[in-house]
Protein chains: 2
Amino acid sequence: MTTPQLTKNQSLVFDVLEKAEGPLSAYTILDKLRDHGFRAPLQVYRALEKLLEYGVVHRLESINSFVACAHPGDDCHSHGIVAFAICESCGQVMEFHDHEVDHRLMAWVRGQKFKPAKTTIEIRGLCEACAA
Amino acid sequence: MTTPQLTKNQSLVFDVLEKAEGPLSAYTILDKLRDHGFRAPLQVYRALEKLLEYGVVHRLESINSFVACAHPGDDCHSHGIVAFAICESCGQVMEFHDHEVDHRLMAWVRGQKFKPAKTTIEIRGLCEACAA
DNA sequence: CAATTGATGTAATAACATAACATATTGAAT
DNA sequence: ATTCAATATGTTATGTTATTACATCAATTG
Ligand SMILES: [Zn+2]
Ligand SMILES: [Zn+2]
Ligand SMILES: [Zn+2]
Ligand SMILES: [Zn+2]
């Protein structure tokens with residue numbers, strides 16, 4: 001997925017996510033953009049939809065939040081499965097991918113004749129700093 | 001986690017999930033239990049909280065739904081990571097685990113000094129019947 | 001019998017997400 | 001330049017998921 005020029009709203013939402021320390025909920029993004037004219041959740045959700053499609057933002061299903069991709073331009077990223085480690089204390093997110101994990105999961109679903117579309121791997125826990 | 005005797009509400013919620021074809025949302029469970037005296041979401045959420053704790057029910061983060069464990073009594077289940085393949089057409093869920101996937105993910109987080117607490121692996125797609 | 005603990009009932013509210021409809025902007029194609 | 005289609009945006013309302021707060025009830029125990 002090549003990323004086209006972002007529209008005004010898409011740029012605003014993306015900038016907020018890039019500058020954020022960690023993942024943000026759609027409504028938190030909305031609040032941060034009220035000064036820029038945002039009034040309704042749909043303005044955020046519509047921008048997020050595109051940013052997710054372009055692969056520059058990820059959705060963290062287990063915490064209903066969104067985060068800017070930590071590996072922009074990473075090619076293997078576009079087809080490989082991405083995994084996240086999410087600190088439940090400070091919110092910090094680490095993003096990584098592992099081909100062996102991909103292969104094992106895809107081999108399993110293939111064996112079941114299941115056609116995978118989108119895979120979520122999220123590990124919640126404590127980062128080094130917060131576990132200390 | 002050894003499963004204690006379920007309370008009335010826990011049993012009702014668990015029975016609904018066991019008899020269901022696929023995952024159910026909390027509010028769907030609530031509707032199915034109105035005849036049994038359920039009136040409020042909290043009655044469902046409180047029962048689910050315990051059932052999740054006992055490991056007899058799983059929460060599917062990516063679809064905000066709950067499903068009865070497909071491998072009750074499976075020992076490796078209690079410490080291994082469980083993965084789900086979820087058909088986006090018919091809702092059918094397959095549950096499995098793979099030690100190699102566990103090991104790779106846990107090795108990675110250990111390398112980051114991250115302390116994992118709960119891991120989610122969910123593959124959305126189409127089951128064999130629905131892909132045909 | 002208190003006193004504690006865990007379970008339940010109920011109402012209200014918070015948090016997350018989408019539907020429906022109107023308007024505006026962009027970028028071809030003629 | 002005008003028309004047309006496609007995309008983006010604005011706005012209101014509503015739908016869906018989850019929790020807070022507080023009262024009551026039941027079982028256990030000292
Ligand atoms: Zn990424
Ligand atoms: Zn942390
Ligand atoms: Zn299970
Ligand atoms: Zn199916």
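- The B/Ala26 side chain lies nearest to D/dA18 when the options are D/dA21, D/dA18, C/dT18.
- Residue A/Thr7 places at least one side-chain N or O under 4.0 Å from the OP1 or OP2 atom of D/dT9.
- Listed pair B/Ser25 / D/dT17 meets the phosphate criterion, a side-chain N or O lying under 4.0 Å from OP1 or OP2.
- Atom CD of B/Gln10 is separated from atom CD of B/Gln43 by 12.5 Å, given to the nearest 0.5 angstrom.
- A sub-4.0 Å separation between OP1 or OP2 of D/dT7 and a side-chain N or O of A/Lys50 is absent.
- Nearest-nucleotide mapping onto DNA chain C: of B/Leu42 and A/Asn64, the residue sitting toward the 5' end is B/Leu42.
- Between A/Arg59 and C/dC16 there is no side-chain polar atom (N or O) within less than 4.0 angstrom of OP1 or OP2.
- Between the CG atom of A/Leu24 and the P atom of C/dA15 there is a distance of 15 Å, rounded to whole Å.
- Each of A/Ile63 and B/Pro41 was assigned the nucleotide of DNA chain C with the nearest heavy atom; the assignment lying further toward the 5' end belongs to B/Pro41.
- Not one side-chain nitrogen or oxygen of B/Gln43 sits closer than 4.0 Å to the OP1 or OP2 atom of C/dT8.
- Of the candidate nucleotides C/dT18, D/dA8, C/dT10, C/dT18 has the atom nearest to the side chain of A/Tyr45.
- Within 4.0 Å of B/Arg46, counting heavy atoms only, lies at least one base atom of the nucleic acid.
- When the P atom of D/dG15 is taken as reference, atom CG of B/Asp31 falls 14 Å away, rounded to whole Å.
- Taking atom CD of A/Glu49 as the reference point, atom P of D/dT9 lies 12 Å away to the nearest angstrom.
- In terms of modelled atom types and a separation under 3.5 Å, the side chain of A/Ser11 and the main chain of A/Thr7 share a donor-acceptor contact.
- The distance from atom CZ of B/Phe38 to atom C1' of C/dG9 is 11 Å, rounded to the nearest whole Å.
- For the pair A/Leu60 CG and C/dA15 P, the computed distance is 19 Å after rounding to whole Å.
- Atoms CG and CH2, on A/Asp98 and B/Trp108 in that order, are 10.0 Å from each other to the nearest 0.5 Å.
- For an aromatic pair to be called close, the ring centres must be under 6.0 Å apart, and A/Phe84 with A/His58 satisfies this.
- Residue B/Lys8 places no side-chain N or O under 4.0 Å from the OP1 or OP2 atom of C/dT8.
- Per the geometry, CD belonging to B/Gln10 stands 12 Å off P belonging to C/dG9, to the nearest Å.
- The CG atom of A/Leu6 lies 11.5 Å from the NZ atom of A/Lys50; values are rounded to the nearest 0.5 Å.
- With hydrogens and angles ignored, no donor-acceptor pair closer than 3.5 Å exists between the side chain of A/Tyr27 and the base of C/dA14.
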